[in-house]
2 protein chains.
Amino acid sequence: MLELRLVQGSLLKKVLEAIKDLVNDANFDCSATGFSLQAMDSSHVALVALLLRSEGFEHYRCDRNISMGMNLNNMSKMLKCAGNDDIITIKADDGSDTVTFMFESPTQDKIADFEMKLMDIDSEHLGIPEAEYHAIVRMPSSEFQRICKDLSSIGDTVVISVTKEGVKFSTRGDIGTANIVCRQNTTVDKPEEATVIEMNEPVSLTFALRYMNSFTKATPLSNTVTISLSSELPVVVEYKIAEMGYIRFYLAPKIEEDEDETKPQA
Amino acid sequence: MLELRLVQGSLLKKVLEAIKDLVNDANFDCSATGFSLQAMDSSHVALVALLLRSEGFEHYRCDRNISMGMNLNNMSKMLKCAGNDDIITIKADDGSDTVTFMFESPTQDKIADFEMKLMDIDSEHLGIPEAEYHAIVRMPSSEFQRICKDLSSIGDTVVISVTKEGVKFSTRGDIGTANIVCRQNTTVDKPEEATVIEMNEPVSLTFALRYMNSFTKATPLSNTVTISLSSELPVVVEYKIAEMGYIRFYLAPKIEEDEDETKPQA
DNA sequence: TCATGCGGCT
DNA sequence: AGCCGCATGA
């Protein structure tokens, strides 16, 4: 028996908006710790890890660990039927091959339940080692989103370079080149507007903007984003989910190909 | 060496939005006087003339006159990457075949530079004689925009007729006819809401609405628009750019063809 | 003012 | 074909 009651149902709606474009099907894992998901994107290039801790739910009952395979598109369709102020409850009976989403309007005048078939999905749960990063950048998530979008209009890849002074996002395309430098800045009115750089070692890595832009779909979940970089390691783009956990995206850097961008990207 | 610093960068963004649909490629001419452009639209029917006087820039350095050929679509893409509150600096080195747009966020925390390739464009710089006009109408730009859009849903051309009493915009189409009369009106709260008619001689001319609607893309640049008409002369639709100059559109009247609108428009 | 539908761009 | 931004209608 599983019963998770989330007063701020819009959180779950936003989570699905954030990952459904990247991942088609995934197992949601439920344990005493919380509600989590880990999945590769459909082209097996990026990885998404979601955690919603049990403490963040108003009511959290999970008798035994279960893994529920869902089609995220279908799940998203159902969650779109919940109002933004609705309370969402996720329910599943032991051994059932369905999950139920229940939506209660704030006034309790409307109660909806949507039942969705579960699917069997080979889960490839990778252990993700906690790594030390050469540089960690925290900045407003909207600014990061804007930068990724802007650079996409010029080129396909972004070089992210961190020095003590700031973080630079660069691209190059047919019509020209672009460099955007964000300086460290902690003297702002609101802490979420700060750009904070922790750097042990300068680092410069190249990533496909297409994936970065997908990651920024999580922007509504948090005012800030944290970008953790090390050479030879996948970048981690993390959006904290207030009181509950996080959504993290992992993406391997591209090996610099010296201008020779003619071959297709698998 | 060229370096033009424009504190109100959104002006330049709006200028590009105003002309990029009409003109594909154009030379920007830079001299001690200012930053200007003159170009025919891609079907060689309308003409755009832009002037941004040097005094309007916070910093204006132009060592010698140069003409920089730009693809306006690409330029517009880059300017879209500037925030509306950004300060924009246009830079070019002597003899360089690129131009650089630099965007500084108001807080100076973010500095972006975009480099764009220049192109060689045959410039056909027409001397435009200052003419005497039979009638000059000044009215709110939003109202003119609305009229052109509304008439477009009925017909393809607009007849603009000016008498002392007012200006009449008329069209005719398959579904019927439309006449919109704006009376002179100077007794308004704000001067930019006035409709003012200076008339030496009544005039009535016909224009293609398609071009008029393109011209109204400049509406965000000014609260008012000035329409100068003389029989046998191209109409001038002018939007003043505060403190800096203007953008003017010229369009030849159509020769009245007595209902016979079947033949294509070149 | 917010939500939906259409067109342009990637 | 899918996503984003603009425009329109409730």
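Excluded from the calculations below are hydrogen atoms, water molecules and symmetry mates; all remaining heavy atoms, backbone and side chain alike, are included. Just so we're on the same page: letters track the sequence lines, and every chain starts at 1. All values reported here derive from a predicted model rather than from experimental measurement.
- For the side-chain contact (heavy atoms from CB on, under 4.5 Å) test, residues two or more places apart in sequence or in another chain that qualify with A:T171 are A:L151, A:I154, A:A178, A:L209.
- Ring centroid separation for the pair A:F28 and A:F35 comes in under the 6.0 Å cut-off.
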Contact state string [nucleotides 4-10 of chain C, B base, S sugar-phosphate only, - no protein heavy atom under 4.0 Å] | ------S

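- For the residue pair A:S43 / A:Y211, a side-chain donor-acceptor distance below 3.5 Å is found, with atom types taken as modelled.
- Legend: residues meeting salt bridge (Lys or Arg N to Asp or Glu O under 4.0 Å) with A:D86, ordered by chain and number and at least two apart, are absent.
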Sugar-phosphate or base contact per nucleotide [nucleotides 3-10 of chain D; S, B, -; heavy atom under 4.0 Å] = SSS--S--

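- Sorted by first and then second residue, the pairs that involve residues 100-116 of chain B and meet salt bridge (Lys or Arg N to Asp or Glu O under 4.0 Å), not counting sequence neighbours, are B:R5-B:E104.
- For A:S170, the side-chain hydrogen bond (donor to acceptor under 3.5 Å, both in side chains) test picks out A:N179, with sequence neighbours left out.
- Here A:F114 and A:F103 bring their ring centres to under 6.0 angstrom of each other.
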